[in-house]
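This report refers to the structure that appears directly beneath it.
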Amino acid sequence: MSGKKKNKTKKAKKSAQAEALSLINQVARNARTALSRQLLDLGLYGGQDGVMLALDGNDGQTPGAIAASLGVKAPTITKTIGRLAAQGFVRREGSKDDGRMMLVFLTDAGRDQIKSVRKSQRRTEKAAFAGLKEKDVAHLLDLLSRVDASIAAELSSGSVVVADRLLETDPLEIHGSDLPGDDEQAAETV
């Protein structure tokens with residue numbers, strides 16, 4: 001293969017990889033926006049569902065534990081928990097073992113809302129994968145898992161420490177422009 005043709009092939013591969021990564025980011029953003037719009041119909045903002053689902057799986061967690069399980073910062077969780085408590089979906093109480101520790105629990109209204117959250121998730125999934133066969137979804141899942149593993153390996157190797165410092169926002173953050181309505185409330189994320 002000539003050097004010129006080899007360079008052209010290399011550039012095409014890099015271009016395809018850049019386009020694929022850009023599309024992955026766009027699909028993730030669109031999927032989250034679609035789900036967030038459905039959650040708005042339930043009176044929830046994007047990100048509140050993650051906290052509620054984390055509590056549904058393991059009720060009575062600290063805000064720090066919830067933040068760690070969702071991969072977000074504690075102040076984001078604290079704000080979200082405050083809003084969920086004001087809506088009556090969660091309650092906070094001191095730990096019986098350690099009075100300094102605050103635990104978060106779903107209320108009965110929160111447990112009832114979980115069913116609607118899961119239904120919204122299923123509707124979003126159905127819309128996202130409409131027209132794809134089961135084998136296509138399985139193949140996509142395999143490919144995305146491999147891409148994610150490569151990125152995770154790169155992150156854990158420490159070679160992207162400088163890039164991490166450049167990130168000023170949480171990767172799951174949804175900006176107010178993504179959702180209709182009040183910018184501050186629409187920007188709530190988890």
Report the C-alpha distance between Q48 and Q87 in whole Å, list the side-chain angles of each, state the deciding distance to 0.1 Å, and finish with yes or no for side-chain hydrogen bond (donor to acceptor under 3.5 Å, both in side chains). CA-CA 11 Å; Q48 289 180 323; Q87 291 171 279; 3.0 Å; yes

So how far is it from [X] [atom1] to [Y] [atom2], rounded to the nearest 0.5 Å?
X    : Y    : atom1 : atom2 : answer
L44  : S36  : CG    : OG    : 10.0 Å
K115 : D112 : NZ    : CG    : 5.0 Å
Q26  : T33  : CD    : OG1   : 8.5 Å
L39  : M52  : CG    : CE    : 9.5 Å

On a heavy-atom basis, which atom in V137 and which in F129 lie closest, and how many Å separate them?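 Closest heavy-atom pair between V137 and F129: CG2-CD2, 3.9 Å.
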
Can you give me the closest heavy-atom contact between L42 and S120, atom names plus distance? CD1-OG, 3.6 Å

Start with the C-alpha distance between R91 and D59, add both sets of side-chain angles, then the distance that settles salt bridge (charged side-chain N to carboxylate O under 4.0 Å, His left out), and finish with yes or no. CA-CA 11 Å; R91 65 180 164 74; D59 211 10; 5.8 Å; no

M101: hydrophobic cluster co-members (side-chain, 4.5 Å):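 Listed partners: L103, F105.
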
Cluster companions of V27 among Ile, Leu, Val, Met, Phe, Trp, Tyr (side-chain spacing under 4.5 Å):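 In the cluster with V27 are L23.
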
Same hydrophobic cluster for [X] and [Y], using side-chain heavy-atom links shorter than 4.5 Å among ILVMFWY?
X    : Y    : result
I81  : I114 : yes
L53  : V72  : yes
L143 : I151 : no

Are any side-chain N or O atoms of S22 and backbone N or O atoms of A18, one a donor and one an acceptor, separated by less than 3.5 Å? no

Quick check: does any side chain N or O of Q38 sit under 3.5 Å from a backbone N or O of L35, one acting as donor and the other as acceptor? no

Salt bridge (Lys or Arg N to Asp or Glu O under 4.0 Å) involving [X] - partner list, sequence neighbours excluded:
X    : result
R92  : none
D142 : R146
D98  : R100
E134 : none

Name each donor-acceptor pair under 3.5 Å that joins a side chain in residues 61-68 to protein atoms two or more places apart or in another chain, with its distance.
unit_1 : atom_1 : unit_2 : atom_2 : d
Q61    : NE2    : A54    : O      : 3.0
Q61    : NE2    : N58    : O      : 2.9
T62    : OG1    : A65    : N      : 3.0

Going by the rule side-chain contact (heavy atoms from CB on, under 4.5 Å), which residues pair with [X] if we only count those two or more places apart in sequence or in a different chain?
X    : answer
K96  : E93
A109 : F89, T107
E19  : none

For residues 117-131, which residue pairs qualify under salt bridge (charged side-chain N to carboxylate O under 4.0 Å, His left out), counting only residues two or more places apart or in two chains? D56-R118

Heavy-atom check, side chain of T124 versus side chain of Q121, under 4.5 Å: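 The answer is no; the side chains never approach within 4.5 Å.
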
Please name all residues satisfying side-chain hydrogen bond (donor to acceptor under 3.5 Å, both in side chains) with N25, sequence neighbours left out, ordered by chain then number.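 Once residues adjacent in sequence are excluded, N25 has no partner under the side-chain hydrogen bond (donor to acceptor under 3.5 Å, both in side chains) criterion.
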
